[in-house]
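Remember, predicted model here, so these are calculated numbers, not experimental data. In what follows, chains are A, B, ... by sequence order, proteins preceding strands, each numbered from 1.
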2 protein chains.
Amino acid sequence: MTEPAARGADFGALLVPVPMRTAGQRIAERLVTAIALGEFEPGQRLPTERELAATLEVSRTTVREALQRLQAAGYVTTRRGRGGGTFIQTGAGPGSEEMIKRTLVPAWDQLTELLDYRRLIEQQIARTAAERRSGADIETIRRVVAEYAHAVGRDASRLADHALHQAIARATHNPRLAELSARIRREVGLGFDAEPYTPHMRRRALRQHPTLAEAVIAGDPDRAARLADRHFSLTDDMLTELRARLHMRTGGENDARSQGQ
Amino acid sequence: MTEPAARGADFGALLVPVPMRTAGQRIAERLVTAIALGEFEPGQRLPTERELAATLEVSRTTVREALQRLQAAGYVTTRRGRGGGTFIQTGAGPGSEEMIKRTLVPAWDQLTELLDYRRLIEQQIARTAAERRSGADIETIRRVVAEYAHAVGRDASRLADHALHQAIARATHNPRLAELSARIRREVGLGFDAEPYTPHMRRRALRQHPTLAEAVIAGDPDRAARLADRHFSLTDDMLTELRARLHMRTGGENDARSQGQ
DNA sequence: GTCTAAAGGACTGGTTTTTAGACCATTTTG
DNA sequence: CAAAATGGTCTAAAAACCAGTCCTTTAGAC
């Protein structure tokens, strides 16, 4: 569709706006989104400014700029001194829901598209893994599934989840596919290599993981694909719930220029 | 593995850099994507630098920086004077693509891996397209298949082939998947000296294309996937041909099934 | 031909953003 | 109390970006 016209074609749609947000703004938005998706528990401490600067590959000044935005918006508080740091503000009031909406809505379509992308890729990964897994793969997958069952707490769960999907991705014996999977998962985590997380989701994942793993181990591609498809729609469901809870509308809402400060 | 430290969450291993791309880089990437997706016809003229600066809301300096990147990478050429401008490079010119080829052309085992990767991705694309294609998609696919049959010569065939697979990729209604497909096809094309074409291959494609298209149109995911799988497993022939053409040696025989990282 | 308009190319000066680093202030821990 | 770990502050320099001016090349009009 959209055949380019003879001359003076319709660049319009695909090549127009270039938002020039500063690094501080982008980092702040990323963190707000992460908070909205439940990446952090209330009261949880973020890495130190110096750590963040190092891992985000950005100067500490920039990190501080982002954190100060969050602080001003009431998402976090900071404490000085040893053992201090930046802490997720517990029970961000209804006032900050507005902020979440403002940050989240413009990115909504993009997020949905990304999750769909991941679902399709992971589906194919599961299918291929079921076709190609070797004895060593089976062993690894078994071990990792067991570890997931024992993991307690959200961080441990995330690591175990990551390990399982990585094990399956590697069982495809195509490094590029495995790398793609890892990259998408990282992106979904909004830079935090972690999924949106709720206890409810963990229970579901806990049920689904062994089944998926068994399908791969058993060498049943279609079943593996079907299960992966269902498994990776978890996040979709969560987003839907979030949208309902925030009474968000994802229609036009094309937030144009909000040149703060 | 990577036991979380006693204190606080193990962000250290999980955080990922925020790439601080400059505006020039981002614009260049956007254009490369659009070109890879076939948004432009070869030889087509982009808007003038001054127009681009206005519509992208950046300075002309920044636009020029982006365009110079594209030029250096061989995606576009520029002509000065009245009626001049920036033009999409018609695929044939291997002159400036030499450099890209050098960087992209993988070692032997990596090429094998790349082709396998493509096969898996395109398989999933065919499957998804068969599930999601709309009436408009069907129309486009029908038209493009017909065009392929009429195409004569190497360039025309290649363009028609590209058009068909792009039409199918778009029928997935996931832009990222379509982009991935385009990127892989481009990389494969460069890896094969931009001419993976023999009369024999064309005859085969001429037989396979309508069948694949019909499966997508008919909405038969499994059949579409199977056909795509077969279609994209011309790899043996291609590899043999490539080896002959480039007098390549298979090098270190790094088992492509290696568990990198 | 000559002239003019429309393009890219090159430069200048100035503002904002980002960086790297040193140093200060505060708080916990040994 | 001393050490260590944290956020807070400041400065100088680099990089990115911008707005504008002028130059060079080229096609088309006269």
Side-chain angles (χ1 to χ4, degrees), chain A residues 7-9 11 17-31 43-72 74-89 257-261, chain B residues 5-9 11-12 15 17-31 43-72 74-89 96:
Chain A
R7 258 311 163 107
F11 306 95
V18 169
M20 267 284 299
R21 273 117 76 240
T22 69
Q25 281 173 317
R26 289 191 310 246
I27 293 174
E29 284 167 13
R30 183 191 265 196
L31 285 167
Q44 182 174 7
R45 200 194 72 168
L46 293 180
T48 69
E49 295 177 353
R50 288 171 177 86
E51 276 179 304
L52 277 174
T55 47
L56 297 178
E57 286 175 17
V58 103
S59 76
R60 197 181 143 209
T61 315
T62 304
V63 168
R64 283 182 56 75
E65 203 241 320
L67 291 179
Q68 272 155 17
R69 284 173 188 275
L70 292 187
Q71 199 177 3
Y75 287 108
V76 299
T77 55
T78 59
R79 286 205 297 277
R80 297 175 65 165
R82 180 166 180 160
T86 307
F87 298 84
I88 303 295
Q89 182 68 302
R257 300 284 145 249
S258 59
Q259 306 278 15
Q261 280 173 299
Chain B
R7 150 68 133 10
F11 292 101
L15 281 168
V18 173
M20 262 291 297
R21 271 118 76 245
T22 70
Q25 283 173 316
R26 291 196 306 260
I27 293 173
E29 282 166 16
R30 185 187 285 196
L31 284 168
Q44 185 174 2
R45 200 193 74 169
L46 294 179
T48 70
E49 295 177 352
R50 288 170 176 88
E51 278 178 305
L52 277 175
T55 48
L56 298 179
E57 290 175 17
V58 295
S59 75
R60 199 181 144 211
T61 316
T62 303
V63 169
R64 281 181 57 74
E65 202 240 320
L67 292 180
Q68 271 155 18
R69 285 173 187 277
L70 292 187
Q71 199 177 4
Y75 288 105
V76 299
T77 54
T78 58
R79 285 206 299 277
R80 296 176 66 166
R82 179 166 180 165
T86 307
F87 299 84
I88 304 295
Q89 179 69 306
S96 43

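- Nucleic acid contact class of A:G85 (heavy atoms, under 4.0 Å, all strands): sugar-phosphate only.
- Distance from the side chain of B:T48 is smallest for C:dA7 among the nucleotides C:dA7, D:dG8, D:dC17.
- Whole-Å rounding puts the B:Q68 CD to C:dC11 P distance at 12 Å.
- Atom pair B:L46:CG and C:dA6:C1' shows a separation of 17 Å (rounding to whole Å applied).
- Atom P of nucleotide C:dT29 and atom CZ of A:R82 are separated by 7 Å, given to the nearest angstrom.
- Donor-acceptor pairing under 3.5 Å, judged by distance alone, is present between the side chain of B:R50 and the base of C:dG8.
- Note on B:T78: a side-chain N or O is less than 4.0 Å away from OP1 or OP2 of C:dG9.
- Separating the OG1 atom in B:T78 from the CD atom in B:Q68 is a distance of 8.5 Å, to the nearest 0.5 Å.
- A heavy atom closer than 4.0 Å to some atom of DNA chain D occurs in B:V58, B:S59, B:T61, B:T62, these being the qualifying members of residues 58-67 of chain B.
- Rounded to whole Å, the distance from CZ on B:R21 to C1' on C:dT18 is 17 Å.
- From A:L67, atom CG reaches atom OG1 of A:T62 across 11.0 Å, with rounding to the nearest 0.5 Å.
- When the C1' atom of C:dT17 is taken as reference, atom CZ of A:R69 falls 12 Å away, rounded to whole Å.
- Summarising the geometry, atom OG1 belonging to A:T86 is positioned 8.5 Å from atom CZ belonging to A:R45; distances are rounded to the nearest 0.5 Å.
- Judged by distance alone with a 3.5 Å cut-off, a donor-acceptor contact links the side chain of A:R80 to the base of C:dA25.
- Atoms CG (A:L70) and C1' (D:dG7) sit 15 Å apart, rounded to a whole Å.
- With hydrogens and angles ignored, the 3.5 Å screen pairs a side-chain donor or acceptor of A:R26 with a backbone N or O of A:R21.
- Base pairing of C:dT17 is made with D:dA14, judged by Watson-Crick or G-U wobble geometry with both donor-acceptor distances under 3.5 Å.
- Remark: B:R50 engages B:T48, B:R60 in a side-chain contact (heavy atoms from CB on, under 4.5 Å) (not counting sequence neighbours).
- The interatomic distance linking B:L56 (CG) with D:dC17 (C1') rounds to 14 Å, in whole Å.
- Between the CD atom of A:Q25 and the P atom of C:dT18 there is a distance of 9 Å, rounded to whole Å.
- A:I88 contributes atom CD1, which lies 7.5 Å from atom CG of A:L31 (distance to the nearest 0.5 angstrom).
- Residues A:R30 and A:L56 form a side-chain contact, since some pair of their non-hydrogen atoms from C-beta on lies under 4.5 Å apart.
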